[in-house]
Protein chains: 2
Amino acid sequence: MNAHILIVEDERKLASNIASYLEAFGFRTTMLHDGQGVVAAVSGGGFDAVLLDWLLPDVDGLTLCQALRRQCAVPIIMMTARVEESDRIDGLDAGADDYLCKPFSLREMTARLRALLRRAQMRQGKPSTGLHIDDAAHRVFVDSDEVTLTPVEYRLLKIFHANPGRAFTRYELQHRIYTDCRIVNDRTINVHVKNLRQKLVACGFDDPIATIHGIGYRWS
Amino acid sequence: MNAHILIVEDERKLASNIASYLEAFGFRTTMLHDGQGVVAAVSGGGFDAVLLDWLLPDVDGLTLCQALRRQCAVPIIMMTARVEESDRIDGLDAGADDYLCKPFSLREMTARLRALLRRAQMRQGKPSTGLHIDDAAHRVFVDSDEVTLTPVEYRLLKIFHANPGRAFTRYELQHRIYTDCRIVNDRTINVHVKNLRQKLVACGFDDPIATIHGIGYRWS
DNA sequence: TTGTGCTTTACCGATTCTTTACCCTATTTT
DNA sequence: AAAATAGGGTAAAGAATCGGTAAAGCACAA
């Protein structure tokens, strides 16, 4: 983690707001207030993502974006006051990975940035994500990211993880999850499996739960 | 610790609600019900953070915010009924460090306030607080402040502190706290945990007890 | 006994988790 | 190809858990 973000924005106040917000979340940041030096800075390779304003005093953000793309594959988020579809398309055509329409919430920005960084990381051949269950602490990690699971999800994960390759019917899972002999609707298991899948996949873990049609599920 | 918070809010009822909630958590508070004297009060340097209502009878909160910023770097949280994105950005542009949209929960407010104070403190190069248990003297200190604990709280703290990161069920805690095989209501543990948390947090110690829903607690 | 401080219980409101219901898509069977 | 069955996704109903408050219970000393 601790990604380094380049913020290119001429409104200094906005730029520093963004910076301090990101820093509060553990990012490192660097600000530039015009187009000068942006290409040079990025080509140095020290940045993990770029937040790029569309309208800069000296150069067109779009042009700058294209220039950056020619340099390297760094993730770029365009920030723009424009809202027309065509502008968005232009931005994405120029090589931006995402765009934010001003005014945007810093929260949304951070969320998109995170998603982008995760995607970028995966693309760079970091497929070897590992799952780690710390049973004493009752915590689950995908690499270094913690996955927060509900009690049922946790139990479900443990069952699967302890029996890789083995197929489980929903009936079986039900009886392993609940110590009491509770009977629940089949579809309940579906929902828990879906939620578990979702949380794992959100951390860049390839969906490890295979559906066996007419039978149940299998961890692989 | 014992941060001093300035609450600027014309609705007296809301203001005193906020104040008493914060005081319960060990903050000191001061209320002002209009813009008069706010700048003077803050420039005195006696406040660690300001909760500032956007709409005041006499002056615009936004203007006030900017005026405060010119004075000093005190953390400011804007409270506003507005929800539009653009307003939020305006607030942040004016130098607010965070904003709360009314109606907000006092809990969220406290959480954000804490985060803000922590950041501010870190910026000022203050290292994190440390806990020290003097078992021989049966005394507990957060940095140099003594925390007075009841016998049960002390035992609870020792159990947690000796097992950082480990998850405990309430049942387990119960049996470790009591040498006799006493059985108490589950909720009893909750109360002791709450009291322990409260005392630690009041001394500026970040709540170190994480709740594991459906399981129990963990010290981290 | 009365008072004081600590512990335990009871309860409420808020939050979080679980289960169900529903709709739509995918797969299998007729 | 049409019908039947199974599974995925969403959202809302329902249930359990948790934190906070306050009062009752307890132990011990004055």
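Atoms considered below: every heavy atom in the structure, side chains included; atoms not considered: hydrogens, waters and symmetry mates. Each chain gets a letter, A, B and so on, in the order the sequences are listed, and its residues count up from 1. Nothing here was measured: the structure is a model prediction, and the numbers come from that model.
Taking atom CD1 of residue B:Ile215 and atom C1' of nucleotide D:dT17, one finds them 11 Å apart after rounding to whole Å. Counting to the nearest Å, the P atom of D:dG20 and the CZ atom of B:Arg197 are 7 Å from each other. The NZ atom of B:Lys199 sits 12 Å away from the P atom of C:dG5 (whole-angstrom rounding). Distance B:Asp186 CG to C:dA10 P: 12 Å, rounded to the nearest Å. One interatomic measurement links the two molecules: CD1 of A:Ile189 to P of D:dG7, which rounds to 12 Å at whole-angstrom precision. Distance B:Arg155 CZ to C:dT8 C1': 14 Å, rounded to the nearest Å. The distance between atom CG of A:Leu156 and atom C1' of C:dT19, rounded to the nearest whole Å, is 15 Å. C:dG5 atom C1' lies 15 Å from atom CG of B:Leu149, rounded to whole Å.
Comparing atom distances between the A:Asn190 side chain and each of C:dT8, D:dG8, C:dT20 picks out D:dG8 as nearest. In this structure, the nucleotide among C:dA21, D:dG19, D:dG8 sitting nearest to the side chain of A:Val191 is C:dA21.
Nucleic acid contact for A:Thr150: sugar-phosphate only, since backbone atoms but no base atoms lie under 4.0 Å from a heavy atom of the residue. Within 4.0 Å of B:Tyr154, counting heavy atoms only, lies no atom of the nucleic acid at all. Within the 4.0 angstrom heavy-atom criterion, only backbone atoms of the sugar-phosphate kind lie near A:Tyr178; the bases stay farther away. Here B:Ile212 lies in heavy-atom contact (under 4.0 Å) with sugar-phosphate atoms only.
Residue-to-nucleotide contacts include no donor-acceptor pair under 3.5 Å from the side chain of A:Arg170 to the base of D:dG7. A donor-acceptor contact under 3.5 Å links the side chain of B:Arg187 to the base of D:dG19.
Residue B:Thr188 has a polar side-chain atom (N or O) positioned under 4.0 Å from OP1 or OP2 of C:dT9. Taking side-chain N and O atoms only, B:Tyr217 has a distance below 4.0 Å to OP1 or OP2 of D:dG19. Listed pair B:Thr211 / D:dT17 fails the phosphate criterion, with no side-chain N or O lying under 4.0 Å from OP1 or OP2.
Taking every heavy atom of both residues into account, B:Pro208 and B:Leu200 meet most closely at CG-CD1, 4.1 Å. Here the shortest heavy-atom pairing between A:Ile189 and A:Ile177 reads CD1-CD1, 4.3 Å.
At least one cation-pi condition fails for A:Arg170 and A:Phe168: the charged atom is not both under 6.0 angstrom from the six-membered ring centre and inside a 45 degree cone around its axis.
Note: B:His161 and B:Trp219 have perpendicular aromatic rings, judged against thresholds of 30 and 60 degrees for the angle between ring planes. Using cut-offs of 30° and 60° on the angle between ring planes, the pair A:His138 and A:Tyr154 is parallel.
Residue whose closest nucleotide on DNA chain D sits further toward the 5' end, between A:His213 and A:Lys194: A:His213. Remark on DNA chain C: of its neighbouring residues B:Arg182 and A:His192, the 5'-side contact belongs to B:Arg182, judged by nearest-heavy-atom nucleotide.
Under 4.0 Å is where a charged nitrogen must lie from a carboxylate oxygen, and between A:Asp134 and A:Arg139 no such pair does.
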